[in-house]
Amino acid sequence: MKILLTGFDPFGEDKINPSIELVKKVEEKIGNAEIFKLEIPTVFKKSGKILEENIKRIRPDVILCIGQAGGRSSITVERIAINIDDARISDNLGEKPIDEKIRDDGDNAYFSNLPIKKIVEEIKKENIPAEISNSAGTFVCNHLMYESLYLAKKYKNIRAGFIHIPYLPEQVINKANTPSMDLENSLKAINIAIKTIINHNGEDVKISGGKIS
């Protein structure tokens, strides 16, 4: 099995992005899976192009994208990506699309085909906070998740999904009342997610992951 694992470079005012720092620390072999690591630029269109180039090169069985979600306190496994770019801030090339489709020939939304609830369940067993997220936002994280699922259909037989991790503690020193998680626990959670993906066959577990609002 081949797993393409991606993380983003820093963006906005942040000098570090925990997603790529985490990806760097993941072992290159987990169980029967080879892990291929890729740093993705926090740039709308370029992120998808680089992802597709590496899908063609690696031919992965699984694409697992990792991103930073400042303000979240848990590992959040994304359920859905929507076909829209609507930026509050500019990406790293200064682009700031508003209400632009990601793919004109794509569906309005795509659901992750990873066992998202099983991943959450297994992470929580290790006393790491985790939950399902029903919004990956409308910035580059959502863009890349959408592209990964669009390309998973294009190249067939690929499973794909996205996981957000919180800020690192050093990122919130000057951000009062903002949650964070140390890299060790985030890394532990992603390793659990990868092992769950490797070992899981068939349908996801039927447990509630819903929210009232």
Side-chain angles (χ1 to χ4, degrees), residues 1 3-8 10 14 16-33 35-40 62-81 111-137 139 141-142 144-145 148 159-173 175-213:
M1 177 183 286
I3 298 178
L4 177 55
L5 185 67
T6 76
F8 287 104
D14 290 314
I16 190 171
N17 192 317
S19 67
I20 191 59
E21 298 307 313
L22 181 155
V23 166
K24 290 174 184 175
K25 290 183 175 293
V26 173
E27 298 291 334
E28 294 183 359
K29 184 84 172 176
I30 297 177
N32 67 347
I35 310 299
F36 295 82
K37 305 174 187 182
L38 179 63
E39 182 170 333
I40 296 283
V62 176
I63 303 165
L64 180 59
C65 304
I66 312 298
Q68 165 188 293
R72 295 187 186 179
S73 58
S74 300
I75 301 294
T76 44
V77 184
E78 299 295 340
R79 190 194 301 258
I80 188 169
F111 287 94
S112 171
N113 57 4
L114 298 180
I116 61 172
K117 292 185 175 181
K118 183 65 173 175
I119 290 169
V120 168
E121 182 180 55
E122 294 301 316
I123 293 172
K124 289 169 73 174
K125 284 179 182 178
E126 297 300 320
N127 297 315
I128 300 171
E131 59 185 315
I132 300 296
S133 166
N134 297 303
S135 174
F139 196 53
C141 287
N142 175 77
L144 188 67
M145 182 181 178
S148 72
R159 293 185 288 162
F162 196 105
I163 298 177
H164 270 116
I165 63 174
Y167 278 139
L168 295 172
E170 56 262 44
Q171 291 178 280
V172 303
I173 291 171
K175 297 181 175 76
N177 303 314
T178 302
S180 66
M181 183 178 291
D182 62 79
L183 192 62
E184 182 180 352
N185 273 323
S186 289
L187 177 60
K188 188 175 181 181
I190 296 305
N191 280 325
I192 292 167
I194 292 170
K195 290 172 184 175
T196 303
I197 292 164
I198 293 168
N199 295 325
H200 186 81
N201 291 308
E203 294 186 1
D204 201 358
V205 295
K206 291 291 184 183
I207 56 176
S208 176
K211 295 182 179 179
I212 294 172
S213 61

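- Under the side chain to side chain contact (heavy atoms under 4.5 Å, CB included) criterion, P166 pairs with I75, M181, S186, sequence neighbours left out.
- Closest heavy-atom contact between V120 and A130: CG1-O, 3.7 Å.
- Counting only residues at least two apart or on different chains, the salt bridge (Lys or Arg N to Asp or Glu O under 4.0 Å) pairs with a member in residues 21-31 are E21-K24.
- One distance of note links CG of L22 with CD of Q68; it measures 12.0 Å at 0.5 Å rounding.
- Put simply, the side chain of T76 never gets that close to the backbone of I165: no donor and acceptor are under 3.5 Å apart.
- In this structure, A160 and S112 approach most closely via the heavy-atom pair O-OG, 3.2 Å.
- In plain terms, the two heavy atoms of L168 and P18 that are nearest each other are CG-CB, 3.6 Å.
- The side chain to side chain contact (heavy atoms under 4.5 Å, CB included) search around A69 returns R72, H164, not counting sequence neighbours.
- Among pairs with a residue in residues 178-187, none fulfils salt bridge (Lys or Arg N to Asp or Glu O under 4.0 Å), at least two apart in sequence or across chains.
- Taking CG of L64 as the start and CD1 of I194 as the end, the distance is 6.0 Å to the nearest 0.5 Å.
- Proximity of a side-chain donor or acceptor of Q171 to a complementary backbone N or O of I16 within less than 3.5 Å is detected.
- To the nearest 0.5 Å, atoms CD1 (I20) and CD1 (I66) are separated by 10.0 Å.
- The ring-ring contact (aromatic ring centres under 6.0 Å, His included) test applied to F8 returns no partner, not counting sequence neighbours.
- The CD1 atom of I192 sits 12.0 Å away from the CD1 atom of I197 when rounded to the nearest 0.5 Å.
- Listed by first and then second residue, the salt bridge (Lys or Arg N to Asp or Glu O under 4.0 Å) pairs involving residues 117-137 are K118-E121, K118-E122, E122-K125, E126-K188, E131-K211 (not counting sequence neighbours).
- Scored by the side chain to side chain contact (heavy atoms under 4.5 Å, CB included) test, T6 finds L4, L38, I40, L51, C65, L144 as partners (sequence neighbours excluded).
- Applying the side chain to side chain donor-acceptor pair (under 3.5 Å) criterion to S19, with sequence neighbours excluded, gives N17.
- Listed by chain and residue number, nothing satisfies the side chain to side chain donor-acceptor pair (under 3.5 Å) test with N113 (two or more places apart in sequence, or in another chain).
- At least one side-chain heavy atom of I3 sits under 4.5 Å from a side-chain heavy atom of I198.
- Residue A189 comes nearest to I128 through the heavy atom pair N-CD1, 4.1 Å, listed as atom of the first residue, atom of the second, then distance.
- Nearest heavy atom pair, residue A193 against residue I119, reads CB-CG2, 3.7 Å.
- Applying the salt bridge (Lys or Arg N to Asp or Glu O under 4.0 Å) test to residues at least two apart or on different chains, none of the pairs has a partner in residues 195-208.
- Contacts of F111 classified as side chain to side chain contact (heavy atoms under 4.5 Å, CB included), with partners at least two apart in sequence or in another chain: R79, I80.
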